[in-house]
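Just follow the structure's listing: the first ligand is 1, and inside any ligand the first atom is 1. We count residues from 1, following the sequence as given. These figures come from a predicted structure and were not determined experimentally.
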Amino acid sequence: MGNLLVVTVVSYFGTKFHRPKIIGIGALVMAAGTLLMALPHFLMGRYEYKTVATHTNDADHFTVSSLCSPVTQNPFQQPVPGNACGSDVWCQKWEEEGSPMLVILLVGNTIRGIREATLVPLGISFIDDYARPENFLHRYFLSSNEKDEDLREGDGWLVTDLSDNPFISFMGPRPQRELTPVNRDPFVIVGGGIAGVTCAEQLASQFPSEKVYLLTASPLVKTVTNFKQVCFKFTFNQVSKTLEEFNIEEQPSSVLEEKYPNLKVIQSTVKLLQVKQHLVQTENGQTFHYKKLCLCSGARPKLLTQDNPHVLGIRDTDSAQSSSSTHIEYECEVEKIYSQQDFLMSDLNKDNSKLGMWPVYVHLNNGMVYGCDFIVSATGVVPNTDPFLCGNNFELAADHGLKVDDHMRTSEQDVYAAGDVCTIGWQPSQLWQQMRLWTQARQMGWYAARCIAAEVLEESIELDFCFELFSHITKFFNYKVVLLGKFNAQGLGQDHELLLRCTKGREYVKVVLSGGRMVGAVLIGDSDLEETFENLILNQMDLSRYGEELLNPNIDIEDYFD
Ligand SMILES: NC(=O)c1ccc[n+]([C@@H]2O[C@H](COP(=O)([O-])OP(=O)(O)OC[C@H]3O[C@@H](n4cnc5c(N)ncnc54)[C@H](O)[C@@H]3O)[C@@H](O)[C@H]2O)c1
C-alpha cells in the first residue's frame with residue numbers, strides 16, 4: 001500500500017534529484033516502518049493463545065477451538081494448562097488492545113512499503129545507468145526477467161557496492177548469455193549557450209523521431225531570434241554570403257521543448273564523461289548513454305588570480321579609454337597580486353608605504369605598484385573543459401580548448417565540440433580566424449549539428465562557407481559595427497596598408513589592404529559598404545589602381561564594381 005501511495009511521485013521526481021540519497025532516505029523510512037511494526041511486540045505484553053488446536057486419535061485430525069468462548073464449540077476441546085483465558089472479561093480486554101496494535105502494524109507496514117518505491121524504480125535505473133556494459137551486475141539486473149524478482153531487487157541490491165568478483169563467487173559462474181546492448185540516447189548536447197542550443201535545435205528538426213537531450217548548468221537557455229542573413233537595400237534580392245544578424249534572448253527551457261517535442265532540456269551540470277562507455281553523468285544523478293555527443297560548455301573569464309575576492313572577472317573590455325580619472329599603463333604585465341596582509345608583510349611595502357591602505361595591491365612588471373579597491377580581470381577566457389578531461393584522452397590546443405577537426409570532431413570518437421569550448425585544429429582560410437564571439441558560437445553549433453547528421457546518415461559534408469571569411473556584426477553605443485576578414489591586420493606584420501574614412505558622428509570606415517587586395521575592414525555607422533567589401537574581400541580583386549579613391553565618398557562604389 002505504501003508503495004502504491006508514493007511510487008508514481010517518487011519515480012517521477014526522484015530522477016530529478018540525487019538517486020542514491022533518495023534511496024538512502026527510503027532506507028531510513030523503511031527502518032522507521034520496521035521499528036513501528038515491531039512496537040506491538042513490546043506493547044502487548046506476553047502473548048496469550050486465543051485458540052487451541054487439539055489432537056485427536058486420528059493423526060490427520062486437529063480441532064481448533066476458541067479459548068475465550070465460554071461455550072465449548074467442539075466436543076474434543078481440552079483445557080490448556082496454565083491458560084488464564086477463560087473469562088469474558090479477559091477476552092474483551094484483549095480485543096480492546098488488539099485494534100490499536102493492528103493499526104500500528106498497518107501503519108508500520110505502509111511506511112515500510114514506501115521504501116520499495118525508492119528502491120525499485122530508482123535503484124534499478126541507477127544500476128542501469130552506472131554499471132558498465134561488461135559488468136556482470138548490469139547484465140544480471142537488466143536482462144534477467146526470468147530470475148526471481150526479490151533476489152534481483154533485494155539481495156542483489158545489497159551487493160551492488162561490492163565488486164563483480166565476490167558477487168560472482170557467491171552467485172556462481174557468469175551466465176553465458178549475450179549482453180543486452182545498452183539503449184543509447186541518440187544525441188546529447190552539453191551547454192545551453194548559443195552553440196549548444198543551435199546544435200540541439202538543428203538536430204531536433206533534422207531528426208524529428210529521435211530524442212535530443214540538452215544538458216545545461218544554467219536555468220535559462222540562450223536562443224537566437226530575428227536571425228537574418230544580411231540583405232542589402234541596393235541589391236534587394238541578394239543575400240550576403242557570410243554576414244548575419246540576430247538577437248540573443250535568454251528563455252526558459254520550456255520554450256525550446258514546446259517548439260521541438262523531441263528535444264528535452266535537463267538543467268543539471270555535467271560532472272563526468274566516460275567516452276569509452278559513451279556515457280555522460282549529471283550532478284543530479286542522471287546518466288545518458290549517447291550515440292553522438294556535442295560539447296558546447298563555453299568558456300569562463302580568465303582570472304589573474306583565483307584566490308583574491310577583490311579580483312573580479314569579466315569577458316571583455318577591449319576599449320578602455322583614458323580620461324582624467326583613468327590612468328592606463330601600457331606594455332606591462334601583472335607580476336603579482338597581493339592581499340592587504342601579504343602586502344604589508346612584503347618587501348614592496350617598505351618602498352611604497354606612501355600608497356596607504358588598500359584591500360588589494362597589484363605589482364606590475366614595469367615596477368609600478370598600485371593599491372586598489374578591487375581589480376577587474378579582463379584577460380580573455382578559458383574553455384570550460386574540466387569535467388570532460390578526467391579519464392579521457394582529448395587533444396587540447398594551446399589555449400586549452402578541445403581541438404576539433406574540420407567536421408567539429410574532437411579526438412575522442414563520437415564526441416563533437418562547438419563554440420567557446422573548442423579550438424579549431426584545421427588550417428583556416430587566409431581571411432578567417434577563430435574569435436570567441438556569438439556569431440561563431442552559432443555558426444559552429446549549427447555546423448556541428450550538420451556534421452553529426454552527415455555522419456549518422458553516412459553522407460559527406462564540406463567545410464561550411466561561413467569559415468571562408470571572418471565576419472561579425474554587433475552594436476557599439478548604438479552604432480552598427482561590422483568586422484570583416486583581417487580587420488585588425490592580424491598576422492600581416494608590416495605587409496599591409498590602411499585606408500581610413502571618418503565622418504564625425506556618422507561613420508568610420510577602415511580598409512586593410514595587403515598586396516593591393518582587400519583583406520579586412522571595419523565599418524562603424526551607416527556606411528552601407530558591407531556587401532561590397534565582403535565581395536571585394538572574397539573576390540580578392542586587385543585594387544591597387546583605385547588607390548584612395550576606394551573610399552571617396554563622392555563615388556558610388558556599388559556601381560563602380562557592378
Ligand atoms: N558577453 C558575455 O558576457 C558572454 C557570456 C557568455 C557567452 N557569450 C558569448 O557566447 C559565445 C559562446 O557561446 P557558447 O554557446 O560556446 O558558450 P556559453 O558560455 O554561451 O554557454 C555555455 C553553456 O554551457 C553550460 N555549461 C558549462 N559547463 C557545463 C557543464 N559542466 N555541464 C552542463 N552545462 C555546462 C553553461 O551553463 C552555459 O549554458 C561567446 O563567444 C560570447 O560571444 C558572451
Side-chain angles (χ1 to χ4, degrees), residues 188-202 213-224 244-253 256 264-274 279-288 290 293-303 312-319 376-390 392 394 399-402 404 408 410 415-424 433-449 466 470-476 481 483:
V188 176
I189 291 113
V190 178
I194 214 67
V197 170
T198 310
C199 182
E201 286 187 305
Q202 176 67 21
Y213 288 94
L214 178 65
L215 319 180
T216 180
S218 44
L220 297 171
V221 292
K222 290 179 186 152
T223 55
V224 170
E244 48 194 44
E245 272 184 291
F246 54 84
N247 299 336
I248 307 285
E249 274 179 41
E250 286 205 304
Q251 292 184 319
S253 55
L256 273 186
K264 178 105 187 85
V265 182
I266 310 285
Q267 200 233 305
S268 186
T269 306
V270 169
K271 56 167 193 176
L272 182 79
L273 166 64
Q274 290 179 340
L279 177 153
V280 175
Q281 227 170 65
T282 56
E283 232 164 42
N284 69 358
Q286 276 181 279
T287 299
F288 299 85
Y290 60 84
L293 172 72
C294 190
L295 299 175
C296 308
S297 50
R300 60 181 186 279
K302 200 189 282 177
L303 279 183
L312 316 172
I314 61 168
R315 278 192 74 111
D316 36 54
T317 50
D318 273 350
S319 44
V376 176
S377 165
T379 47
V381 293
V382 191
N384 278 328
T385 53
D386 292 353
F388 316 123
L389 302 183
C390 182
N392 302 316
F394 283 106
D399 62 1
H400 296 284
L402 298 172
V404 289
M408 306 308 287
T410 66
V415 184
Y416 294 70
D420 279 12
V421 74
C422 76
T423 305
I424 62 145
Q433 63 273 331
Q434 182 176 8
M435 287 188 77
R436 290 184 161 90
L437 298 166
W438 294 117
T439 349
Q440 290 195 358
R442 196 206 68 79
Q443 289 167 341
M444 285 181 168
W446 180 76
Y447 178 58
C466 66
F470 173 87
S471 62
H472 182 61
I473 302 182
T474 185
K475 279 209 161 157
F476 190 64
V481 178
L483 306 175

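One option in S297, G191, A417 has a heavy atom closer to atom 29 (C) of ligand 1 than any other, and that option is S297.
Only the side chain of P387 comes within 4.0 Å of ligand 1, counting heavy atoms alone; its backbone N, CA, C and O stay farther away. Using a 4.0 Å cut-off between heavy atoms, V190 contacts ligand 1 through its side chain alone, with no backbone atom that close. With a 4.0 Å heavy-atom cut-off, ligand 1 is reached by the side chain of A441 but not by its N, CA, C or O. With a 4.0 Å heavy-atom cut-off, ligand 1 is reached by no atom of K271.
With hydrogens and angles ignored, the 3.5 Å screen pairs a side-chain donor or acceptor of T223 with a backbone N or O of E249.
No side-chain heavy atom of Y213 sits under 4.5 Å from any side-chain heavy atom of V280. When side chains are defined from C-beta on, R436 counts as touching D399, because their heavy atoms get closer than 4.5 Å. When side chains are defined from C-beta on, V404 does not count as touching V421, because their heavy atoms never get closer than 4.5 Å. Two residues are said to be in side-chain contact when any heavy atoms from C-beta on lie closer than 4.5 Å; D386 and R300 meet this criterion. In this structure, V415 and F388 have side chains that are not in contact, with every pair of non-hydrogen atoms separated by 4.5 Å or more.
For a threshold of 3.5 Å applied to N or O pairs, the pair formed by D420 and ligand 1 contains at least one separation below that value. Considering both main-chain and side-chain atoms, R436 comes within under 3.5 Å of ligand 1 through a nitrogen or oxygen pair. Ligand 1 has no nitrogen or oxygen under 3.5 angstrom from a nitrogen or oxygen of V421. For ligand 1, the polar-atom distance check against G419 finds no nitrogen or oxygen pair separated by under 3.5 Å. Looking at T269 next to ligand 1, no N or O pair under 3.5 Å apart turns up. Of the polar atoms of F388, none of the N or O atoms is found under 3.5 Å from an N or O of ligand 1, judged by distance alone.
Below 4.0 Å from some heavy atom of S218 lie the following atoms of ligand 1, by number and element: 37 (O), 38 (C), 39 (O). In summary, the atoms of ligand 1 found under 4.0 Å from a heavy atom of K222, numbered by their order in the structure, are 6 (C), 7 (C), 20 (O). Of all atoms in ligand 1, listed by their number and element, those nearer than 4.0 Å to a heavy atom of A195 are 15 (O), 16 (O). Residue C296 approaches ligand 1 through these ligand atoms, each under 4.0 Å from one of its heavy atoms: 22 (C), 23 (C), 24 (O). Atom numbering of ligand 1 starts at 1 in the shown order; those under 4.0 Å from a heavy atom of G298 are 16 (O), 17 (O), 19 (O), 22 (C). Contact atoms of ligand 1 toward T216: 33 (C), 34 (N), 37 (O), 39 (O) (distance under 4.0 Å to a heavy atom of the residue).
Around atom NE2 of H472, more than 12 heavy atoms belonging to other residues, nucleotides or ligands sit under 6.0 Å away.
In this structure, the separation between CG on L437 and OG on S471 is 10.5 Å, given to the nearest 0.5 Å. To the nearest 0.5 Å, atom CZ of residue F246 and atom CD of residue E244 are 6.0 Å apart.
Among S253, P219, S218, the single residue meeting the side chain to side chain contact (heavy atoms under 4.5 Å, CB included) criterion with Q267 is P219.
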### Task
Any chance you could lay out the side-chain contact (heavy atoms from CB on, under 4.5 Å) test for Y290 and L273, step after step, and finish with the verdict?
CA-CA 11 Å; Y290 60 84; L273 166 64; 3.9 Å; yes
